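Worksheet: one structure, shown below.
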Amino acid sequence: MKPLSLLIEILIILGVTIKTIKAEEHSKRQKERNVTTQVSVNEIKQYLSHILEQRTSSSVINKRENLEKENQRKIRIKGIQNKDILKRNKNNLQKQAEKNFTDEGDQLFKMGIKVLQQSKSQKQKKEAYLLFAKAADMGNLKAMEKMADALLFGNFGMQNITAAIQLYESLAKEGSCKAQNALGFLSSYGIGMEYDQAKALTYYTFGSAGGNMMSQMILGYRYLSGINVLQNCEVALSYYKKVADYIADTFEKSEGVPVEKVRLTDENLSSNSEILDWDIYQYYKFLAERGDVQIQVSLGQLHLIGRKGLDQDYYKALHYFLKAAKAGSANAMAFIGKMYLEGNAAAPQNNATAFKYFSMAASKGNAIGLHGLGLLYFYGKGVPVNYAEALIYFQKAAEKGWPDAQFQLGFMYYSGSGIQKDYKLAFKYFYLASQSGQPLAIYYLAKMYATGTGVVRSCRTAVELYKGVCELGHWAEKFLTAYFAYKDGDIDSSLVQYALLAEMGYEVAQSNSAFILESKKANIFEKEKMYPMALLLWNRAAIQGNAFARVKIGDYHYYGYGTNKDYQTAATHYSIAADKYHNAQAMFNLAYMYEHGLGIAKDIHLARRLYDMAAQRSPDAHIPVLFALMKLETTHLLRDILFFNFTTRWNWLKSDNTVGPHWDLFVISLIVAGLILLLRNHHG
């Protein structure tokens with residue numbers, strides 16, 4: 001079946017199956033708050049209905065056939081009888097019609113992308129998907145991929161995995177590497193498809209060969225961890241390097257936007273520091289307008305790069321920076337210089353203005369301003385290229401701990417820009433910058449370890465560093481959409497997004513997916529498959545250093561969730577979490593097992609010690625430890641008393657044989673004799 005005619009069928013299915021989103025559940029989150037939430041799909045449904053009404057037998061094939069018939073009719077009217085001329089003209093007209101139709105679809109898709117990139121609200125993003133729907137209806141494959149993604153991930157509440165799979169399968173036949181990756185993901189989890197790791201690996205391989213970055217990243221993680229393939233560091237390195245090269249290139253052109261990765265395992269999500277609460281944001285705005293310079297700079301930074309769940313907004317960023325700069329903030333001056341150096345809608349690129357603000361900030365000893373001046377001289381923006389001058393400014397900023405300046409110094413020594421190459425110094429500055437998370441510094445460190453430049457070659461270290469760079473890709477934005485879907489109660493949409501990120505090797509996504517599966521609130525998995533899949537994901541997260549996940553694996557083996565009960569294996573995992581990560585919960589659980597001899601030899605003294613260690617490690621463990629110790633001591637005391645009574649009675653029974661049947665008179669005589677001696681000593 002052709003993709004376009006299939007799309008229409010899918011859209012019909014979609015129109016029937018889309019659930020109505022309750023306005024009351026989402027009205028609070030529909031405020032000015034610049035976050036990703038679900039919106040009503042009424043307009044999309046109406047638009048799709050309009051398409052279907054206009055195209056009762058609508059498909060691109062039918063349109064093209066109608067064009068052919070019309071062209072033939074016109075040719076007959078003109079009386080052209082020559083079959084060759086007829087065929088040639090028919091082909092030319094058909095090609096022209098197809099080209100016009102394709103061009104219109106391309107234009108609509110590009111318009112949709114532009115709207116999506118400039119969107120600051122969900123209404124604007126919804127308009128972008130209306131354009132994608134129209135472009136997809138005209139046969140634009142990229143637009144069809146967008147619509148398939150919307151069906152899979154539940155954009156605007158229109159999740160329909162069955163329809164998504166049908167569309168992906170059709171697109172895969174057309175050579176879509178994105179569709180190949182999606183089918184690999186669905187096969188890997190058994191979502192809407194048969195659980196088949198071999199098929200998943202095949203899809204990922206085809207997706208990677210087609211240039212899909214997600215497939216390459218997934219294969220890199222699989223070869224790094226040995227998931228359904230033989231563990232091979234060198235193969236993992238080749239996959240991760242391809243993706244990291246692409247990411248580094250985008251960072252060199254523009255600063256990347258870090259994405260907050262919220263852990264659903266945190267007890268209080270509403271107070272999570274990764275996402276700025278709406279009420280707190282409003283309070284900060286109030287303080288900023290009242291003249292709080294520090295808050296002004298902070299809000300400017302949040303809007304400049306889009307942090308804490310806020311969308312990027314250059315106009316708001318410049319507004320707050322100008323207020324703070326007027327009050328004398330050197331940081332604000334430096335950030336204004338940065339905005340004019342890079343150029344954006346609010347601050348068009350202007351080297352002279354950038355130099356002015358960087359100089360003002362640098363005169364106050366500001367590290368960002370010093371670094372900015374260094375960049376101007378290094379790249380010759382508005383001033384002649386002067387590596388010596390750039391080096392001086394970078395050194396001053398680096399001494400103040402600014403990571404971007406440390407990276408620039410490392411790069412100058414690495415590339416020999418204006419100075420002699422020195423890989424040891426390059427490594428030193430790259431390492432310093434990497435400690436603050438500077439992505440390009442991490443990338444170049446990985447490059448040095450991968451090639452053995454200035455350091456001893458280490459495939460494992462290079463892969464781990466490249467992996468960190470790859471995880472800064474634009475796909476990480478799904479962490480926010482998944483989080484807000486979870487907060488809004490759209491569990492299935494949240495799970496699918498977290499699961500894809502988990503497949504790509506994100507540890508936080510692995511633990512979040514496992515957490516959702518464990519709750520058994522998702523509908524896209526069969527109930528009996530949830531615990532085994534959760535255990536698999538907890539295990540992957542634990543291998544990447546998540547102590548909580550390690551404790552969870554112990555719990556699953558202790559209670560027999562998704563696996564057979566195995567106290568010995570549970571104790572092993574608790575021991576790892578306690579010894580390696582000093583996890584209080586693991587210490588408590590292990591103490592309980594030692595107390596009762598579950599899977600390990602009974603040891604009351606070690607149990608007491610572990611209970612005490614758990615209390616010292618975490619204040620939250622004080623009360624549980626207190627009750628556990630009270631129970632342990634009470635039980636131990638009762639056992640001692642019972643043992644004492646039994647021993648005493650046994651000894652008395654034995655005394656009948658040694659002292660005779662009147663042993664009680666003998667004991668009384670000894671007591672009386674002792675009292676007489678005490679009285680004599682007292683009177684004496």
Side-chain angles (χ1 to χ4, degrees), residues 251-258 284-285 287-307 310-409 411-412 417-418 433 436 438-440:
F251 279 138
E252 286 175 351
K253 292 176 182 176
S254 63
E255 184 176 0
V257 180
Y284 283 166
K285 280 179 66 177
L287 293 178
E289 295 302 326
R290 290 287 299 269
D292 190 314
V293 176
Q294 188 175 350
I295 295 295
Q296 288 168 349
V297 175
S298 296
L299 285 179
Q301 286 180 267
L302 291 176
H303 282 298
L304 178 61
I305 56 178
R307 295 292 306 274
L310 300 179
D311 278 341
Q312 197 173 40
D313 192 323
Y314 293 121
Y315 291 99
K316 287 183 179 179
L318 185 61
H319 167 74
Y320 288 121
F321 285 145
L322 286 171
K323 275 182 170 290
K326 190 175 181 181
S329 169
N331 272 339
M333 295 171 189
F335 279 117
I336 295 171
K338 177 180 169 63
M339 291 183 74
Y340 278 104
L341 175 62
E342 295 174 354
N344 54 66
Q349 206 284 327
N350 190 310
N351 292 328
T353 306
F355 186 88
K356 169 189 169 184
Y357 280 102
F358 281 143
S359 298
M360 290 167 62
S363 66
K364 294 175 175 284
N366 182 268
I368 308 172
L370 290 165
H371 171 251
L373 289 176
L375 288 176
L376 293 174
Y377 282 108
F378 185 82
Y379 291 106
K381 290 181 176 279
V383 293
V385 173
N386 189 328
Y387 290 128
E389 197 74 12
L391 183 65
I392 292 170
Y393 283 118
F394 288 148
Q395 285 175 333
K396 288 181 179 179
E399 287 171 3
K400 293 178 179 291
W402 186 240
D404 289 346
Q406 292 167 342
F407 161 72
Q408 287 294 342
L409 275 179
F411 181 75
M412 289 185 76
S417 301
S436 300
Q438 216 285 345
L440 286 173

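Bear in mind the structure is a predicted one, so any value in this text is a computation, not a measurement.
Distance check: F358 CZ to K338 NZ gives 7.5 Å after rounding to the nearest 0.5 Å. From L318, atom CG reaches atom CG of L304 across 9.5 Å, with rounding to the nearest 0.5 Å. To the nearest 0.5 Å, the span separating CD1 on I336 from NZ on K356 amounts to 9.0 Å. Taken from OG in S417 to CZ in F378, the straight-line distance is 4.0 Å, to the nearest 0.5 Å. In this structure, CD on Q395 lies 13.5 Å from NZ on K400, to the nearest 0.5 angstrom. In this structure, the separation between NZ on K364 and OG on S359 is 13.0 Å, given to the nearest 0.5 Å.
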*Going through the checks in order, is the side chain to side chain contact (heavy atoms under 4.5 Å, CB included) test met by N366 and M333?*
CA-CA 9 Å; N366 182 268; M333 295 171 189; over 6 Å; no
_Stepwise side chain to side chain contact (heavy atoms under 4.5 Å, CB included) check, Q408 with L375_ = CA-CA 9 Å; Q408 287 294 342; L375 288 176; 3.5 Å; yes
*Under the ring pair (Phe, Tyr, Trp, His ring centres under 6.0 Å) rule, what do Y393 and H371 come out as? Steps first, then yes or no, please.*
CA-CA 6 Å; Y393 283 118; H371 171 251; over 10 Å; no
_Residues V385, Y377; criterion side chain to side chain contact (heavy atoms under 4.5 Å, CB included); working and verdict_ = CA-CA 5 Å; V385 173; Y377 282 108; over 6 Å; no
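Of all heavy-atom pairs spanning A390 and G374, the tightest one is CB-O, 3.4 Å. Smallest separation of non-hydrogen atoms from G300 and A317: O-CB, 3.4 Å. The minimum heavy-atom distance linking A398 with A405 is given by the pair N-CB, 3.7 Å. Taking every heavy atom of both residues into account, A330 and A361 meet most closely at O-CB, 3.4 Å. Minimum interatomic distance between V383 and L376 (heavy atoms only, all atoms of both residues): CG2-O, 3.5 Å. The two residues Y340 and A354 make their nearest non-hydrogen contact at CB-N, 4.0 Å.
Ring geometry, F335 versus F321: the interplanar angle falls under 30°, so the pair is classed parallel (tilted spans 30 to 60°).
S298 places a side-chain N or O within donor-acceptor distance of the main-chain N or O of Q294, the cut-off being under 3.5 Å. For Q438 (side chain) and D404 (main-chain N/O), no donor-acceptor pair under 3.5 Å exists by modelled atom type.
A side-chain donor from one of N351 and Q349 sits under 3.5 Å from a side-chain acceptor of the other.
Taking 4.5 Å as the limit, some side-chain heavy atom of E289 sits within range of a side-chain heavy atom of K323.
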